[in-house]
Each structure stands twice: as C-alpha cells, then as structure tokens.
Asker: 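Dumping the structure here so I can ask a few things about it.
Sequence lines set the chain letters: A, B, ... in the order given, protein chains first and strands last, and positions in each chain run from 1. Just so you know, these numbers use all the heavy atoms, side chains as well, and skip hydrogens, waters and symmetry mates.
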Amino acid sequence: MQQRNDAPSLGWRINKLLQLDAMNLVILVIAVYIIWSVISALIDNPARYLPSPIAVAVSSVDMLYKGLLPSYFGDTLVRLIFGSTIGLLLGIPFGLLLGINRTVADMFHPIMNFFQSVSGIAIFPIIVVWWGNSDKTIFAVILYTAFFPIAFNVLSGVREIPIRYISAARTLGASRYQIIKDVLFPGAMPHIATGSRLSIGFAWRAVIAGEMLAGRQGLGWMIFTGQDADNTAEVILGMVMIGVTWIILDHYLLRPMEADTIERWGLVQR
Amino acid sequence: MSDAIAKESSAEGAFASLSVAIQTRIGRQRLRKIILGSIPFVVIFVLWQMNTAFEWLPAVFIPPLGDVFGAAITLQEDCVGIGGALTMDNSCLLTNHIFSSIGRVILAAVIGLPLGIAFGILAGMNRTVSRYLEPVGVFANSISGIAWIPLAIVWFGVGWMTTLFIMLNTIFWLMFFNSMLGVRSVAKVYEQSVLTMGGSRMDVIRQVYFPGAMPSIITGMRISLGFGWRALIAAEMIGGDSGLGFMIFVSAEEFKIEEVFLGVIIISLIYMATDRYLLAPLEKWTVERWGLIWKPT
C-alpha cells in the first residue's frame, strides 16, 4: 500500500499551475486576440458577425455598469447550485439503496437506463407544456439531468466494494445501518466524487439550455436574447463567461475535490 | 430469495412445467432480472392507462398512449409507401424529421470523427502542438455545444449549417481529447522498438500509435456521439428547421403533447439502439482485440 503524502495546499497547487502553463497561456491568448482582431477587421459588418475583442470588452463594461451581468451570472449560478445540490441529495441515497439491495437494483436498473438515455433537453418540451416557461421548468430539467449520473456512479461504487469488508464488519457485529455508514458510504466515496462532478457538468449544460429555451434571465438567456437583438458582442461575452465559469468550477474546484476524495477514500490496494 | 424458491417448488401442474421450461431456456438469474426489471415499466404503463381512464391529469398534459402511437400514423398520413419515405417526400412528416436528424449525425460523424482523431494523434505525439491545442480544447469543451447555438445562428442562419456546426464542435473536441490521451497512454517501449527495428515515423503512427490508441478512440467515439446527439436535439430546437428536436419543440408550442411524447420516445430509442447495438459492442470488441492489457514494467 502506498504511503499517503499530505495533500498539497490550494495555494501551492495554483502556484504550480501558473508556473507550468502561464507562458503558454499568455502566448495563446495573445495569438487568439490577434487572429480574432484581424478576422473581425477584415469581414464586412463585424458588429453583426464577429465584433472585435475590444467591442466585447466594451459591452462587458456596459453591462457591468448597468448591473445586468452580475445579476444574470448570479441567477445562473443559483440555479446550478440549487438544482445540482438537490439532484445529488436525491441521487446518492437512491444509488446507495440500489447498491445495497440486489432486488431493488434489478428492478430499477432497466428503467433508469431508459430514462438516462432520454436526455434532459429532450424532455424539456414536455415540461414546458406542463409548467410553462417558469423557473420550475428549468429546475425540473436540472434535477432530471443531475440525478442519473450520480445514481449510477454510486451504484457502481457500492458494487465495487470487496465483499470481505462487509463480511468483516458483520462479523464484528455491525448493524445494517453501521455497515452502510462505515463501509458502503466511505467505500463508494470516490465514485460519489466522480459522479458528482459528472452530474454538475450535465446540470451546467442543462441550466444554459433551459434558460435559452424557457427564457428566464441568466447567462443562457443573455446569449439567446443577444442573438435576437443582433447584439453579437453580448453573445460572445456570454459565451466567454460560460466557458470561464465552467473552467474555474471544474478545474479549480471539482477536479481537485475529486482527486482529494479518491486519495483519501480510495480503496487502492495492491 | 428462499421463499421465492419455496413458492415455485410448491406450484403445480402445467404452469409449473412451463415455468421450469422457461427457466432452463433463459436462465434463472436472467429471467429474474427480466421480470423484476419490467415491473416499473408495467407500473408506469398501468398508471398511464388509468390516467387516461380516470383523467387525474388532463389529456393535454399526459396524452393517452393510443394517441401517441396515433400521432405517428397521423404524421405519416399522406406518405406514399416506403418509397415516399425514403425519397423524403414532403408529405412524410415523421420519417423526414427522423432521417434529417440521423443524416446530420452521420454527416457530422463522417467529418468530425476523422478530424478529431487526426488532430488528437498529432497532439498526442507532439508536446508543442498539444500545449497550444489543449487549452483551446478545454475552453471549447467548457463552452459546451449548446452555448454556441446563438452565435452559430448569427453566422449560418437557422437550418442545416447551424445544427451541423454545433454537432461538429461537440464531436471534434471530445474526439480530440480521447485520441490524445489514448496516444499518450501507449508505452514508449513500443515506439522505441519500432524505431530500433528501422521503422519510419509513419510506421510508428500506423503500427503503434493508432492501434495503441484504438480502445480510447472507440470510447471517444461512443461518448462524443452520445453528447453530439444531445447537442443536436438542442440545436434543432433552437436553430433548426427540421429534425426530431425541431419537431418536439414546435409540437410543444402548438400543445400537441402526443407528438412531443412520440418524438421523445423516438429520440431515446434511436440513441439506445445505436449505443447498445452498435457502439457498445464495437467498444468491447476493440478493447478485446487492441487493448494493451499486458503492460511492460
């Protein structure tokens, strides 16, 4: 068994990433900036097709000044956090239940498989008919998309726990509840982490799509109405915001959390 | 478990012998799985039928099951035989939408997959290339296909090009990453041994990188087509003029809920069928055939 080193601090990690990629990123950003500017200078009607980076920056200042950007951003983030948290809170116990009881698992596995292949975006029109273009609709779609990845991951996590751990706990007189709490839950921890990241990723896509389709204020709505109003600078600004937010969320929050969880709870034994 | 056995052994007559025959034919465990797995479907089906009968929820929200299948026939009403469907005659509404969605997937796969694989292998071989392409890819993946839709509409207008662009965007980057990681996972020893035996750079690509990355590439294909299919449905809803996504979106706006249900069922059936009967077996076969289970130490 490998010796576990103390997990590096967040500051150290960011520092190392900066050292490693900073130079490349600077070059890359400058290159993209130049190419983007040249294309936008060469085409006709750049305001419509590809506004220059400066125009996008100006529009961001404008939107910040009006207070729209923070409010849209906040709306989207709140939806994501709210929806994915409840999705995870429902999915994890359900996955555990499926993992514990083979009969329940055999019963629900096929139908979960079916619903997982019905993507959240595809059931969107149905929910719109039910609840109209409301926050409830977006919320339902987020919940739906976040639920299945985590449930499946927890299920496979529980299944992968060596049976001898459960037997050992039982031999020592552990109750059913203790086995769940002390063996199954910690044992499934790495899968829970991976599943959470997947679920939140899917939920993020669902939020953006939901806002576009349901027309509720947020980043998705911002890029959608920007296109309607011929305000391409706003569209590009929204896209950049969406991309940057997800990179920050994924690379600096979820992935390190996943890695730490796997390191702490992983059952890697040779 | 034990009382299930007791129950079955106490069953008598023709039914018992039939059940034994079925059990030996299919296998006890599989039969158990099939029966248990079908329970939720049966429950939903019964609830649905009861809803139709008692109207707990109005038919505007949950259409009768018959209407859902009826919608397929209504949509295909004026269609003249299989020939009309295949030539995408204007009167064949349903098959036209299905074919245009599938056509886009095939077109995007034919263009996007080879491109993604080629760039991925290049980036896997060459650190400098990957150093510059990788951040772009990370960013492109983070924007996710859906967020490109408004800009794509500005550039290409509503229709074929927009949906194709969204799909290509999704497929290309996922494929790129998977091929790149696949090439990187190939042990250096294989490359060196080919070079030692006098192989050219082309030989290394053909004999080492490509087969070595094959399992990862096929997995990438499966993932990217799955994501691509989802992105396509979204793209058709917002920026399409045909296809299944367009169909369900327009039907929802016209409150033809039975067409929406039909569309959703067809969308998931197409995805399930492709994934289970084409991509998953392909993946399994590839891993068995090309997977590098033996690893030099």
Asker: Relative to chain A, which segment of B/I44 carries a heavy atom at a distance below 4.5 Å: side chain, backbone, both, or neither?
Answerer: side chain

Asker: Side chain, backbone, both or neither: which part of B/I257 has an atom under 4.5 Å from a heavy atom of chain A?
Answerer: side chain

Asker: Measure B/I146 against the heavy atoms of chain A and call it side chain, backbone, both or neither at under 4.5 Å.
Answerer: both

Asker: So which of A/M241, A/R102, A/M239 has the biggest tally of heavy-atom pairs under 4.5 Å with chain B?
Answerer: A/M239

Asker: Are the side chains of A/P125 and B/M237 in touch, meaning some heavy atoms are under 4.5 Å apart?
Answerer: yes

Asker: Could you check which of A/I242, A/T232, A/I121, A/D230 has the highest count of heavy-atom pairs closer than 4.5 Å to chain B?
Answerer: A/I121

Asker: Answer with side chain, backbone, both or neither: which region of B/W229 has an atom nearer than 4.5 Å to a non-hydrogen atom of chain A?
Answerer: neither

Asker: Check whether any side-chain heavy atom of A/T103 lies under 4.5 Å from a side-chain heavy atom of B/R32, and answer yes or no.
Answerer: yes

Asker: Could you tell me if the side chain of B/I149 sits less than 4.5 Å from the side chain of A/F224, heavy atoms only?
Answerer: no

Asker: Quick check for you: among B/S142, B/A140, B/A252, which has the greatest number of heavy-atom pairs under 4.5 Å with chain A?
Answerer: B/S142

Asker: Quick check: do A/L50 and B/W155 have side-chain heavy atoms less than 4.5 Å from each other?
Answerer: yes

Asker: Compare all side-chain heavy atoms of A/L213 with those of B/F249 and state whether any distance is below 4.5 angstrom.
Answerer: yes

Asker: Please classify the contact of B/I248 with chain A as side chain, backbone, both or neither, using a heavy-atom distance under 4.5 Å.
Answerer: both

Asker: In residues 32-43 of chain A, which residues are in contact with chain B at a heavy-atom separation under 4.5 Å?
Answerer: none

Asker: Chain A: which of B/V154, B/L244, B/N141 shares the most heavy-atom pairs with it under 4.5 Å?
Answerer: B/V154

Asker: What residues of residues 260-281 of chain B sit under 4.5 Å from chain A when you count only heavy atoms?
Answerer: B/V260, B/F261, B/V264, B/I267, B/S268, B/Y271, B/M272, B/R276

